[in-house]
Number of protein chains: 2
Amino acid sequence: MDKDTDKKLKSRNIKPTAMRELVLKVLTEQKTAISLPELEDKFVYADKSTLYRTLKTFEDKKLIHSIDDGSGAIRYAVCQDTCECNPDDLHVHFYCTSCKQTFCLNEISVPEINLPSGFSLKSVNMVVKGICINCR
Amino acid sequence: MDKDTDKKLKSRNIKPTAMRELVLKVLTEQKTAISLPELEDKFVYADKSTLYRTLKTFEDKKLIHSIDDGSGAIRYAVCQDTCECNPDDLHVHFYCTSCKQTFCLNEISVPEINLPSGFSLKSVNMVVKGICINCR
DNA sequence: AAAACTTTGCAACTCGGTTGCACCTGTTTT
DNA sequence: AAAACAGGTGCAACCGAGTTGCAAAGTTTT
Ligand SMILES: [Mn+2]
Ligand SMILES: [Mn+2]
Ligand SMILES: [Zn+2]
Ligand SMILES: [Zn+2]
């Protein structure tokens with residue numbers, strides 16, 4: 001139904017089903033990253049495994065990226081339009097230990113690291129923990 | 001029995017039991033960080049929950065630190081003698097996607113980040129993923 | 001319309017982590 | 001020395017996130 005949502009799916013080569021449109025819409029609404037269990041709560045009538053596979057598809061197609069914030073559940077957030085999830089696209093994430101929300105700090109890209117020789121870099125997960133602006 | 005192991009435990013205010021000495025010895029031997037399930041395999045006769053609580057105690061007392069490398073299991077490594085697990089003590093970790101080992105890059109401290117105003121920093125988990133020197 | 005393929009729902013399962021409780025062990029108090 | 005105590009250990013059960021096989025429902029191709 002939603003033209004924009006539909007376009008976004010197509011632009012990432014994802015067949016736009018009703019389920020996927022709904023999931024993408026919810027993901028887009030979020031101000032902070034959302035986990036599978038949290039998503040389940042928003043879709044009382046959709047199955048866990050369907051949501052799971054939807055997230056996997058979205059991630060494979062680089063519509064969303066995952067963040068391991070150490071909370072026990074992986075969280076997901078919609079990628080920037082230009083994002084290809086290359087090392088240069090990577091940004092820092094912030095996990096608030098008070099409200100347990102995870103923020104994409106899209107403006108802050110992960111600093112370059114000089115690895116010891118012999119080590120090659122594929123990606124980086126950088127999560128800063130502390131207190132967010134809403135909780136202080 | 002082991003004087004050094006014993007000293008190290010006492011220096012962190014941990015009562016040196018037989019179990020704890022054995023666990024610390026194994027941890028010290030590791031070249032890469034080790035997870036609870038991996039530790040279980042090395043102690044056929046010790047209980048999972050004992051090992052679990054031993055790790056927790058060690059971590060609380062800052063004898064070891066934990067690394068969430070995204071592999072699904074938290075890994076642990078012995079802290080440097082001087083380490084107090086403050087933000088300045090933090091270093092980068094490397095996870096090899098080939099051999100699935102996690103390395104402490106003790107020489108590489110995590111870069112400073114300028115958080116958006118209102119956000120305060122408590123700690124950082126920075127894991128670089130790629131191919132390690134042994135696997136390339 | 002039939003065949004081929006994709007998506008969804010259900011149910012079961014894996015695995016890392018966690019906890020309550022009883023027992024044991026070593027230490028302090030009487 | 002006996003009794004009381006504190007902390008450590010083992011067992012068993014549990015939780016929750018993630019994952020998978022399979023069949024039903026829905027789409028697309030022929
Ligand atoms: Mn992000
Ligand atoms: Mn380390
Ligand atoms: Zn917060
Ligand atoms: Zn390797």
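Residue numbers begin at 1 in each chain, while the letters A, B, ... track the order of the sequences. None of the values given here were measured: they were computed from a predicted structure.
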Could you tell me which non-hydrogen atom of [X] sits nearest to which non-hydrogen atom of [Y], and how far apart they are?
| X | Y | answer |
| --- | --- | --- |
| A/Glu38 | A/Ala33 | OE1-O, 4.1 Å |
| A/Ser117 | B/Ile133 | O-CD1, 3.5 Å |
| A/Cys79 | A/Ile64 | SG-C, 3.5 Å |

Where the side chain of [X] is concerned, which of [options] is the nearest nucleotide?
| X | options | result |
| --- | --- | --- |
| B/Tyr52 | C/dT7, C/dG17, C/dC10 | C/dG17 |
| A/Lys15 | D/dT28, C/dG16, C/dT18 | D/dT28 |
| B/Ala46 | D/dT20, D/dG10, C/dT6 | D/dG10 |
| B/Met19 | D/dA17, C/dG16, D/dT9 | D/dT9 |
| A/Arg53 | D/dG10, C/dC10, D/dG18 | C/dC10 |

For the pair made of [atom1] in [X] and [atom2] in [N], what is the distance, rounded to whole Å?
| X | N | atom1 | atom2 | answer |
| --- | --- | --- | --- | --- |
| A/Glu38 | D/dG18 | CD | C1' | 15 Å |
| B/Arg20 | D/dG7 | CZ | P | 11 Å |
| A/Glu40 | C/dC10 | CD | C1' | 13 Å |
| B/Leu24 | D/dG8 | CG | P | 15 Å |
| A/Ile14 | C/dT7 | CD1 | P | 10 Å |
| B/Asp60 | D/dG8 | CG | P | 12 Å |
| B/Leu39 | D/dT9 | CG | C1' | 15 Å |
| A/Ile34 | D/dG18 | CD1 | P | 12 Å |

- Note on the structure: Note: for A/Pro37 and A/Asp47 on DNA chain D, the residue whose nearest nucleotide lies more 5' is A/Pro37
- 5' priority, DNA chain D, between B/Leu51 and A/Leu36 [closest heavy atom]: B/Leu51
- Any side-chain heavy-atom pair of A/Glu40 and A/Leu51 under 4.5 Å: yes
- Message: Mind checking if A/Thr50 touches a base, just sugar-phosphate, or nothing, with heavy atoms under 4.0 Å?
- Response: base
- Query: With a 4.0 Å cut-off, would you call B/Glu84 and B/Lys61 a salt bridge?
  - Reply: no
- Identify whether the distance between the nearest side-chain nitrogen and carboxylate oxygen of A/Asp6 and A/Lys10 falls below 4.0 Å. yes
- Message: Counting only heavy atoms and a strict 4.0 angstrom limit, can you tell me which residues of residues 67-78 of chain A come near DNA chain D?
- Response: A/Gly72, A/Ala73, A/Ile74
- Ring geometry between A/Phe119 and B/Phe94 (parallel below 30°, tilted from 30 to 60°, perpendicular above 60°): perpendicular
- State whether the distance check finds a donor on one side and an acceptor on the other, under 3.5 Å, for side chain B/Lys48 versus base C/dG17. yes
- Scan B/Gln101, B/Arg75, B/His93, B/Lys100 and name whichever one has a side-chain hydrogen bond (donor to acceptor under 3.5 Å, both in side chains) with B/Asp69. B/Arg75
- Message: Between A/Thr17 and D/dG26, is there a contact of a side-chain N or O with OP1 or OP2 at under 4.0 Å?
- Response: no
